[in-house]
2 protein chains.
Amino acid sequence: MPGTIQAAMKRGVTIKDIAKKLNMSVSTVSKALNNDVSISALTSERVKALAKQLNYIPNEAARHFKLAKSFTLGLIIPDILDQYYAVAANGVEETAEKNGYNVILTQSHEDEQKEDRIVDVMIRNRVDGVIVSITKNRTDMQPFEKLLSIGIPVVCIGREPKSGQFDYVSSNNHDGAVMATEFLIGKGHRRIAHLMGPAGMRTSQARFEGYKQALANHGIPFRNELTECVDLTRAGTFAAMQRLMRLPEPPTAIVTFKNYVTLDAIDYLKKYYPELVDKVQFTGFGNLPILHHLDHKPLASIEESSFEMGEEAARILFERIGEDGENTERVYRSSQLPCRLVVHDDGE
Amino acid sequence: MPGTIQAAMKRGVTIKDIAKKLNMSVSTVSKALNNDVSISALTSERVKALAKQLNYIPNEAARHFKLAKSFTLGLIIPDILDQYYAVAANGVEETAEKNGYNVILTQSHEDEQKEDRIVDVMIRNRVDGVIVSITKNRTDMQPFEKLLSIGIPVVCIGREPKSGQFDYVSSNNHDGAVMATEFLIGKGHRRIAHLMGPAGMRTSQARFEGYKQALANHGIPFRNELTECVDLTRAGTFAAMQRLMRLPEPPTAIVTFKNYVTLDAIDYLKKYYPELVDKVQFTGFGNLPILHHLDHKPLASIEESSFEMGEEAARILFERIGEDGENTERVYRSSQLPCRLVVHDDGE
DNA sequence: GTGAAAGCGCTAACAC
DNA sequence: GTGTTAGCGCTTTCAC
């Protein structure tokens, strides 16, 4: 029985119901609810009082449709189980919430096809902006260029965009690697190896540069055989460690690309060179809380500001959303957030 | 200049544009796009061809509004950084995606006020259903009852609802605790302690019951002083461990409520009873991947099927969404997913 | 097999 | 300070 009170209750109270009960027009009610200055205090109060009494809940779907704005941000990260991204997501969400926005959080699982589909869904749902940490093997930026072309701004985080048309927020990987390496140099090491990330990622390159820079700063010659690429799998790290430890002169310290690489490398030593596990010293990117519980851990970690990265990305995105899409002459920004060196005490 | 081709491009191609170009009505185009049987194959093809050519992207916001359905699920978990919930979220998302649904993932951070606000946002956004792991201290179910009252189904996961009106999916905590305890009994232990979770949580109670059940099964008397509640903080675990270890006869094995409690308990031993750290044996809930890297780890873990929990919750939710809201005589379901005992090998 | 038209709930000119 | 009205893009009856 459409039109009955029953149906209306089920459907939810609308602005029209309020208008009718108050003998006003819907526009007056709408304005009152939106604190329009042209509405008298009395009217405004009457409207709000009745709205509360009737348990009026605005239908955002209708607003979104009408305003052609979804008040929703799309966020694409490789994996929610990687705390680096989970924390960044928190930064995005907090900033979004402050701006009255929702976030649709999605994972690409490093699958480009999945990423393409996600972008499609976001377009269909008319998100107002997208923050993305692109899949590691992507070579083109096609779906993201599509977003820009239809007026949806995009901000990249963590992983550098493959073309220059995007805002980009990341850690200062170069300086972080310098800090990690210089810390080991300060501890007296001279044969310092580098377990470098995948060569295709700019992040790997930046950290590699920082590593070399630190060596140069201290007059230590760079040796090619002391840098090994890993593919971020346990097997890959084991293979790399094997090559390093079988050198005529193995390293006495190692700068690693990432948390999990460090842990796998230490496991490798535990298994094959147990006598060296307390000798070879590590520093590396990432500071997992779990490190506290480990007996064999890196000497120090490079803590990245991933929460702040998410915040900054969202801030930039909101600026872009606020901009008039007309002026095509934009300057794309690239911000590098500082890293922090955290020394792990051995006692407690 | 509204109405120009420029504006149209910016605005996006609509069903109307397609209709005009093809000299058809919008209803025909709509039906063709939605594979309505009443449309001829030829028409359907022409419409789809032009849609593709014009790069038509349906405006979901308009559909949602028209259909009074958002094709969106709300998910509320305490913390995304807790992998237990992150994995459950993945289960929800995968199932949602299969059904063409989006998920709005939110975190309560164990704050009831925040949770209230989240539910409000979800109502405003007209989500079609909600999956929630309620904050641990909540005593009422008020916001969730409100959801039900306006026809939005709710499924609880992991944490038991405080009233009987909700579907609920969780691990079989009782049987898991039995397994954990019997495993230690099988290793010859007789003085087995239990680091129990917060007394207010039904999960804690269920695990506690399982622990007692296992003891009873093997004719081991339950001793009150061997069970200590923890509040899930490191300090709380340390205090509980202190009481246990200062007993005239300290336990030789301990069943813990959760991963992090185990790790903190082991840390306590490392610090204050280093000679016992390899003697006192642990089993407990949760199987973090990071456990592999630890030197001192539990003998075995009770792995919960949290991914499956998310899947199952989403499945139930979709059933409810499909139901006609009319029949008030619902039977609310409570499913307990089995746990798995995982023994940690010492080698590799 | 196709078209005309109403309307979902809301906002924003514009008129008064 | 308030009301009238058009319309966002789409689906869906109901006619033909």
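Order of the sequence lines sets the chain letters (A, B, ...), proteins ahead of strands, with each chain counted from 1.
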Strictly under 3.5 Å: I want the nitrogen or oxygen pairs between protein and nucleotides 2-5 of chain D, one per line.
unit_1: D/dT2; atom_1: OP1; unit_2: A/Ser40; atom_2: OG; d: 3.4
unit_1: D/dT2; atom_1: OP1; unit_2: A/Thr43; atom_2: OG1; d: 2.7
unit_1: D/dT2; atom_1: OP2; unit_2: A/Ser40; atom_2: N; d: 3.0
unit_1: D/dT2; atom_1: OP2; unit_2: A/Ser40; atom_2: OG; d: 3.2
unit_1: D/dT2; atom_1: OP2; unit_2: A/Thr43; atom_2: OG1; d: 3.1
unit_1: D/dG3; atom_1: OP2; unit_2: A/Ser25; atom_2: N; d: 3.1
unit_1: D/dG3; atom_1: OP2; unit_2: A/Thr28; atom_2: OG1; d: 2.7
unit_1: D/dG3; atom_1: N7; unit_2: A/Ser27; atom_2: OG; d: 3.2
unit_1: D/dG3; atom_1: O6; unit_2: A/Lys31; atom_2: NZ; d: 2.6
unit_1: D/dT4; atom_1: O4; unit_2: A/Ser27; atom_2: OG; d: 3.0

Seminar exercise, completed: Separation of D/dC10 atom P from A/Arg124 atom CZ, nearest Å, is 11 Å
Exercise. Per the end-axis method with five pairs at each terminus, what is the bend angle of the helix from C/dG1-D/dC16 to C/dC16-D/dG1, to 10°?
Worked result: 40°
Problem set entry | Ion pair check, A/Arg315 and A/Asp167, cut-off under 4.0 Å | no
Which pairs of donor and acceptor atoms, one on a side chain in residues 30-37 of chain A, lie under 3.5 Å apart (sequence neighbours left out)?
unit_1: A/Asn34; atom_1: ND2; unit_2: A/Ser30; atom_2: O; d: 2.8
unit_1: A/Asn35; atom_1: OD1; unit_2: A/Lys48; atom_2: NZ; d: 2.6
unit_1: A/Asp36; atom_1: OD1; unit_2: A/Ser38; atom_2: N; d: 2.9
unit_1: A/Asp36; atom_1: OD1; unit_2: A/Ser38; atom_2: OG; d: 2.9

Seminar exercise, completed: Under a 4.0 Å heavy-atom cutoff, the residues of residues 52-64 of chain A touching DNA chain D are none
Exercise. Taking atom types as modelled and ignoring hydrogens, do the side chains of A/Glu115 and A/Thr135 form a donor-acceptor contact shorter than 3.5 angstrom?
Worked result: yes
For this session: Measure the distance from NZ on B/Lys16 to P on D/dG9 and round it to the nearest whole Å.
Result: 7 Å
Exercise. Rounded to whole angstroms, how far apart are NZ on B/Lys66 and P on D/dT13?
Worked result: 9 Å
For this session: Hey, could you give me the CG/CG distance between B/Leu73 and B/Leu317, rounded to the nearest 0.5 Å?
Result: 5.0 Å
Exercise. Which residues pass the side-chain hydrogen bond (donor to acceptor under 3.5 Å, both in side chains) test with B/Glu319, sequence neighbours left out?
Worked result: B/Arg333
Problem set entry | d(CD1, A/Ile18; P, C/dG9) in whole Å | 13 Å
Problem set entry | B/Lys20 NZ to D/dG9 P, straight-line distance once rounded to whole Å | 11 Å
Seminar exercise, completed: Rounding to 0.5 Å, atoms CE (A/Met141) and CZ (A/Phe166) come to a distance of 4.0 Å
Problem set entry | Ionic contact status for A/Asp128 with A/Arg320, cut-off 4.0 Å | no
Problem set entry | Cationic N near anionic O, under 4.0 Å, B/Glu97 to A/Arg117 | yes
Problem set entry | Distance in angstrom units between B/Ile15 CD1 and D/dC8 C1', rounded | 14 Å
Seminar exercise, completed: In whole angstroms, the gap separating P of C/dT11 from CZ of A/Phe65 amounts to 13 Å
For this session: Find the distance B/Leu33:CG to D/dT11:C1' and express it as a whole number of Å.
Result: 12 Å
Exercise. Can you list the residues that meet the ring pair (Phe, Tyr, Trp, His ring centres under 6.0 Å) rule with A/Phe318, with sequence neighbours excluded?
Worked result: A/Tyr101
Exercise. Should A/Arg138 and A/Asp140 count as an ion pair when the cut-off is N to O under 4.0 Å?
Worked result: yes
Problem set entry | Check ion pair A/Arg159-A/Glu110 (N to O, under 4.0 angstrom) | yes
